[in-house]
Amino acid sequence: MHSNPPRWRTLPLLLLLLASGVSADEADAFNIFGGSTVVFDDNIFRLAPGTSAKAVFGTDQRSDVIRTSFVGGSFDKLIGRQRLKLDMTLNSVNFSRFSQLNNTGGNISGAVNWQLTDDLTGTVGKSRNRSMPGYRDQRTLVKNILSVDNEYLNADLRLQPSWHLEAMTSQVASSYSAEANKISNNTVDSYTLGVRYTPASGNYIRLKNTWSTGQYPNQQFVSGALVDNGFSQTDAALEMLWVPSGASRLNGLLAHTERTHQNVPQRNFSGWTGNASWAWSLTGKLTMVSSFRREIGAQNELLSSYALTDAYNLASIWTPSTKTSVRLSYERATRNFLGDPVAVLSFLTKRSDKIETFSLTASYQPFRNLNLSLSAIQEKRESNYANLNYDDNILMGSAQYTF
């Protein structure tokens with residue numbers, strides 16, 4: 001399969017919608033912000049215990065301090081019946097020890113919340129994000145920048161006060177700068193049709209079907225042959241939101257997913273996926289959130305075109321005042337690399353990882369324009385593949401000021 005570069009397919013509609021409003025209905029809403037984040041990571045390349053960092057990188061050091069400076073702005077304005085939203089962030093990332101990984105990145109996005117009639121509304125937009133995805137499995141001093149372009153259009157047609165017909169199309173293109181990662185470059189085109197029932201209570205239930213096609217322009221060399229990692233996927237889903245009381249909120253999605261590959265069909269997938277989340281306010285200041293997700297998707301590893309992930313998360317959020325909040329979270333995830341053509345064609349055991357993550361974050365807003373946060377994260381991975389276990393500890397502080 002071959003992938004086309006991202007196109008501004010939605011640009012003509014976006015311009016038409018903007019042209020339909022000849023005057024502004026409200027004052028400009030323009031914000032500028034800036035800030036900095038400092039991260040200490042004691043095992044930046046996620047080396048296994050006992051692994052010699054000097055043998056891998058030529059240095060005994062595993063840790064680094066990463067400083068990120070960022071600046072950005074947002075614009076939100078109603079033009080006629082259309083609302084225009086623009087957001088942009090630029091950042092500079094600097095490593096204290098591994099300076100060859102220094103990079104610049106950021107994101108830019110534009111969207112129009114459009115309304116053609118009282119009953120026909122939607123959103124059209126495009127975004128680009130440029131960042132370094134991390135070195136969990138690459139374990140090399142080569143700089144690797146991931147660029148993700150997302151272009152989308154959705155529409156909502158109200159048939160009756162509580163019944164809506166929905167449609168969406170999107171294209172997401174991902175590309176890596178490092179040569180070794182280019183086999184993971186891909187473009188995914190998706191189309192969704194659905195119907196939603198939303199009574200006056202604000203709860204809703206939605207039935208939808210999504211058809212996706214993934215194209216990988218760079219084939220993978222496996223066991224003396226080139227393998228195309230392209231796929232076709234169908235998700236038939238039931239989604240719901242239920243708020244039984246002011247102190248409780250339950251939402252979830254249950255889907256049956258079918259994923260097929262033209263090459264190496266032994267890695268096809270058919271099964272249940274989805275997610276569920278329950279938020280419960282024990283008091284006015286303490287909230288518990290429990291969630292589960294089961295999903296398949298591409299990962300940032302070189303080994304597999306997709307992995308099946310089952311993850312449980314439990315978090316507590318304490319807000320002693322309007323200016324202060326504390327979040328404590330625990331997650332346990334199991335990732336099975338079912339899409340690995342190397343393991344399938346070589347009759348190897350498929351890779352399976354278990355990851356535990358503890359995190360504690362405290363946020364403080366001393367005044368309206370300034371946000372401060374401090375986080376401590378501990379992550380541990382156990383794998384059935386040799387030398388992929390690791391322990392990692394992270395401390396992170398951040399400050400952002402909005403002008």
Side-chain angles (χ1 to χ4, degrees), residues 1-7 45-46 48 51 56 132-149 171-191 210-235 256-271 273 294-310 334-354 381 383-389:
M1 293 183 179
H2 298 282
S3 174
N4 297 319
R7 304 177 302 276
F45 294 103
R46 309 301 189 260
T51 300
V56 180
M132 193 162 64
Y135 288 82
R136 174 180 287 171
D137 285 289
Q138 185 162 311
R139 297 179 176 181
T140 173
L141 288 175
V142 175
K143 186 190 305 184
N144 181 35
I145 303 299
L146 170 62
S147 297
V148 179
D149 290 272
Q171 181 184 84
V172 180
S174 303
S175 62
Y176 296 84
S177 64
E179 197 62 35
N181 288 80
K182 289 186 181 297
I183 59 170
S184 296
N185 291 356
N186 67 85
T187 300
V188 179
D189 290 285
S190 298
Y191 305 89
T210 301
W211 300 266
S212 303
T213 302
Q215 302 180 48
Y216 288 71
N218 303 313
Q219 295 186 339
Q220 185 176 0
F221 190 75
V222 181
S223 300
L226 288 174
V227 173
D228 186 345
N229 286 320
F231 66 88
S232 296
Q233 183 170 315
T234 302
D235 298 274
H256 190 268
T257 299
E258 296 275 353
R259 183 175 178 133
T260 60
H261 300 79
Q262 184 175 356
N263 283 177
V264 197
Q266 301 94 313
R267 54 185 170 155
N268 291 352
F269 175 84
S270 177
T273 58
R294 178 179 175 86
E295 60 189 8
I296 68 171
Q299 303 291 336
N300 293 325
E301 289 84 4
L302 302 178
L303 185 63
S304 179
S305 63
Y306 80 89
L308 174 65
T309 301
D310 292 289
T334 301
R335 293 164 55 189
N336 293 303
F337 292 71
L338 305 180
D340 179 15
V342 177
V344 172
L345 293 177
S346 304
F347 301 99
L348 299 174
T349 301
K350 294 184 178 68
R351 175 179 162 185
S352 179
D353 294 348
K354 290 181 172 60
R381 181 172 75 184
S383 178
N384 64 338
Y385 274 29
N387 298 319
L388 293 185
N389 297 345

Less than 4.5 Å apart, side chain to side chain, heavy atoms only: is that true for [X] and [Y]?
X	Y	value
P265	T260	no
Q220	V342	yes
Q215	D189	yes
N229	I183	no
Q233	V188	no

Judged by atom type as modelled, is there a donor-acceptor pair below 3.5 Å linking the side chain of [X] to the main-chain atoms of [Y]?
X	Y	result
N181	Y176	no
D228	N263	no
N384	K350	yes
Y306	R267	yes
Y216	F231	no

Can you find a side-chain donor-acceptor pair between S383 and D353 that sits under 3.5 Å? yes
Do the side-chain N and O atoms of E295 and T273 include a donor-acceptor pair separated by under 3.5 angstrom? no
Nearest 0.5 Å, what's the [atom1]-[atom2] distance between [X] and [Y]?
X	Y	atom1	atom2	answer
L338	N268	CG	CG	11.0 Å
R381	K354	CZ	NZ	13.0 Å
N218	L226	CG	CG	10.5 Å
D310	R335	CG	CZ	12.0 Å
N387	T51	CG	OG1	5.0 Å

Begin with the C-alpha distance, continue with both residues' side-chain angles, and end with the deciding distance and a verdict on side-chain contact (heavy atoms from CB on, under 4.5 Å) for S270 and H256. CA-CA 7 Å; S270 177; H256 190 268; 3.5 Å; yes
N185 vs S175, side-chain hydrogen bond (donor to acceptor under 3.5 Å, both in side chains): CA-CA, chis, key distance, verdict: CA-CA 5 Å; N185 291 356; S175 62; 5.2 Å; no
Looking at every heavy atom in both S177 and K143, which two are closest together, and how far apart are they? OG-O, 3.8 Å
Show your reasoning for whether side-chain contact (heavy atoms from CB on, under 4.5 Å) applies to V227 and L345. CA-CA 10 Å; V227 173; L345 293 177; 4.0 Å; yes
Do the numbers put R351 on top of the ring of F337, so that NZ or CZ is under 6.0 Å from the six-membered ring centre and no more than 45° off the axis? yes
As a quick check of understanding, evaluate side-chain hydrogen bond (donor to acceptor under 3.5 Å, both in side chains) for T257 and D235, giving each step before the final call. CA-CA 5 Å; T257 299; D235 298 274; 2.6 Å; yes
